[in-house]
Amino acid sequence: MAAESAVAARGATRPAALPNEAVAAAFDEMADLLAISGENRFRIGAYRRAARIVRTLPRALSEFAGIEELDQIPGIGPDLAAKIQELLRTRTLRSLQQLRTKVPAGLRALLGLPGLGPIRVRALHSALGIKGMDDLRRALAADRLQRLRGFGPVLQQRLEQALSAAAAPQRWLWSVAAQYAEPLRDYLRSLPRVTQVEIAGSYRRGRDTVGDLDLVVCARGPLDLASALRGYAEVRDLSAAGPTRCSAVLANGMQVDVRVVAPDSAGAALYYFTGSREHGVRMRQRAQARGLKLNEYGLFRGRRRIAGASEQQILTALGLPWIAPELREDRGEIDAAQRGELPQLIELRDLQGDLHAHTSASDGREPMPKMVAAARAQKLRFMAITDHSRHLGVVHGLDAGRLARQIDEIDALNETLEDFAVLKGAEVDILPDGRLALPDSILRRLDVVVAAIHSHFDLPQAQQTSRILRALERPCVSILAHPTGRLLGERAPYAVSFERILAAARARPCFLELNSQPARLDMDDVLCQAAHAHGVLVSVASDAHSGAELADLAGGIRQARRGWLCAKDVLNARPLREVKALLATTRL
DNA sequence: GCCGTTTTCGGCCCGACTGTTTTCAGTCG
């Protein structure tokens, strides 16, 4: 087809734009190297902030129209805007290269060791000539840190342990963290004088992975938290044990921070430890601008606490409506709250159905009637059965003949159902050249075609993008499933231009899927915002391979909320009639 | 390096805990 080859040609000739992540990484390195150089901490902070802003921007920097528009991004001034442009044009940064000649690159890694910050790392370099991990290991073995001010025996021992320890996973899937956090919360709730325990931190903000657990304990009167934690079977060690704060390490290596506050401070502490850090900074600045002080004990005018018992109290006192924890990432939520423009975030109960599920006909574990029963138990009103097409990656994939028989089976099943509809679908493989693994003749008989990549993840960005664009040009494709292909902690997202995919999805039209499997959760929050900005509806799908996995939809909703999505932005939060009409528009 | 209800220079969020000190710097969240 002429249109297909035009897309392929564009993909092949257009040079891949520098991803935002590359700019963010350069700014992070600048910040680290400046810190080790002993630079002004506010200048360092500006680079760190810029890295974070760029990383979570729902739009490619390469799409901005020059320095003037880049300068409009809050936190990006004229200097950083020019540096972004330099990176986009030359893929390098002169100031970073100069810095690298002064600060050995290996020193950066030392910042990750416990007890080592920029000041001690600089001391190691200037006094002992240490340039990296190996030098430090040798210096420790030779006892050369002894004579360095600020390096006592305890710190040396911690460093030795850290250097010899096997690298534990840095982050945990939210769903894994839940299995540790919730029992610990319940244990702490059972302690005498404890009135309230909440899991805070990135867990409460619903991040797809969690680095450690933060719990806020509210108690009337004194509480021997350290003893309580030592008495908890999962706790391996306490790394800090003060009267109001304890840090524990669980048997699996997970770090847990627990803070104790009085009831008057419960809301302030929960707000403080829910974070994110950047959101907290903004809130404290807001308090300061009003002549107030905000900390984990409350909101204060002078010495008088004017709010603190609940989060809403604090928000109200600062002139703000409720800000959902999922939004507290300093991505404009405070300004939006101030203007009364926060989105009415989608909730799990808004979901009307599920548009991606498997049965034992392909790689699912339960037959269709059981899947349908599970969906009805979840109060859903419809479910698409989307078994795999036959291809190399998945055994038992359906060919056209078996899919035709499944279509008949669904028709028969629907005859027996009241107040519930089973939609006929398939999860069709996008082949390396962008063709689909099933012919149009059978796909035309389906209600919904979910297209996905399951192989050749490492194509260059231009080729991967045109592969997907070509698939989206096919007449029957309704939804692009798990559009980045990532598996958290296992497989990075494949390289692809979402600017182009979203533009194509908008024009066609078709939809993108937010896959609720705990290790996928792609789209991520940033991509959700980008889809919303492009006016592309999102399907929050279970990709369930058993009835029990329909519960994973809750995780998809968490991610959607982090991406600022409302019910109206989500395809399957609409009534079946509307979903069918929208799916019909995907037919070319 | 950014930014402006402190407004174009001079500020920039706040506190706990540890280890190494002998009054507090550094790290961490």
Side-chain angles (χ1 to χ4, degrees), chain A residues 27 30-31 34-36 38-54 70-84 95 110-124 145-159 162 200-203 205 210-216 225-226 238-248 255-261 265 268-269 271-300 318-319 330 334 338:
Chain A
F27 286 169
M30 280 293 287
L34 287 170
I36 296 170
E39 251 292 347
N40 175 327
R41 66 193 172 99
F42 298 108
R43 188 173 169 223
I44 296 161
Y47 278 102
R48 290 207 197 286
R49 197 162 54 243
R52 188 180 54 79
I53 289 165
V54 162
L70 290 167
D71 190 16
Q72 300 298 307
I73 305 171
I76 304 295
D79 183 275
L80 289 174
K83 287 195 166 74
I84 291 172
S95 47
L110 300 185
L111 290 174
L113 293 174
L116 285 193
I119 293 170
R120 288 191 179 127
V121 168
R122 185 163 71 253
L124 288 171
L145 267 61
Q146 204 82 49
R147 55 197 170 88
L148 224 56
R149 191 184 163 80
F151 288 80
V154 176
L155 178 58
Q156 289 185 48
Q157 200 187 350
R158 267 176 87 192
L159 289 173
S202 50
Y203 181 89
R205 300 200 309 281
V210 172
D212 61 9
L213 299 179
D214 294 286
L215 288 102
V216 176
L225 182 61
L238 288 193
S239 56
T244 67
R245 198 196 101 190
C246 284
S247 296
Q255 170 94 23
V256 182
D257 291 312
V258 187
R259 316 287 293 236
V260 185
V261 293
S265 300
Y271 208 97
Y272 191 95
F273 295 112
T274 295
S276 65
R277 186 181 312 197
E278 294 79 11
H279 176 90
V281 167
R282 289 264 186 238
M283 290 292 284
R284 291 191 285 279
Q285 285 171 339
R286 186 180 178 89
Q288 200 186 35
R290 285 164 174 70
L292 306 170
K293 187 174 74 170
L294 177 63
N295 59 27
E296 58 264 57
Y297 300 107
L299 181 66
F300 296 87
L318 289 171
D330 186 26
I334 295 176
Q338 163 88 50

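Letters go in sequence order (proteins before strands), and every chain restarts at 1.
Judged as a ring-ring contact (aromatic ring centres under 6.0 Å, His included), and not counting sequence neighbours, the contacts of Tyr47(A) are Phe27(A). With sequence neighbours excluded, no residue forms a salt bridge (Lys or Arg N to Asp or Glu O under 4.0 Å) with Arg49(A). When the salt bridge (Lys or Arg N to Asp or Glu O under 4.0 Å) test is applied to Asp330(A), the partners found at least two apart in sequence or on another chain are Arg52(A), Arg282(A). For Arg277(A), there are no side-chain contact (heavy atoms from CB on, under 4.5 Å) partners two or more places apart in sequence or in a different chain.
As rounded to the nearest Å, dT20(B) and dG26(B) have C1' atoms that lie 10 Å from one another.
Side-chain proximity of Lys293(A) to the nucleotides dG1(B), dC17(B), dG15(B) is greatest for dG15(B).
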(request) Spell out protein contact along nucleotides 19-29 of chain B as letters: B when the base is contacted, S when just the sugar-phosphate is, - when no protein heavy atom is under 4.0 Å; keep the 5' to 3' order. (result) SSS----SSSB

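Two residues are said to be in side-chain contact when any heavy atoms from C-beta on lie closer than 4.5 Å; Gln338(A) and Ile334(A) fail this criterion. Side chains of Tyr271(A) and Met283(A) form a contact here, defined as non-hydrogen atoms less than 4.5 Å apart.
For Ser247(A), no side-chain nitrogen or oxygen approaches OP1 or OP2 of dC17(B) to under 4.0 Å.
Of all the residues in residues 285-292 of chain A, Gln285(A), Gln288(A) reach under 4.0 Å from DNA chain B with at least one non-hydrogen atom.
More than 12 heavy atoms of other residues, nucleotides or ligands lie within 6.0 Å of CD in Gln285(A), so this atom counts as buried by the packing criterion.
The base-pairing partner of dT8(B), taking Watson-Crick or G-U wobble contacts with both distances under 3.5 Å, does not exist among the strands shown.
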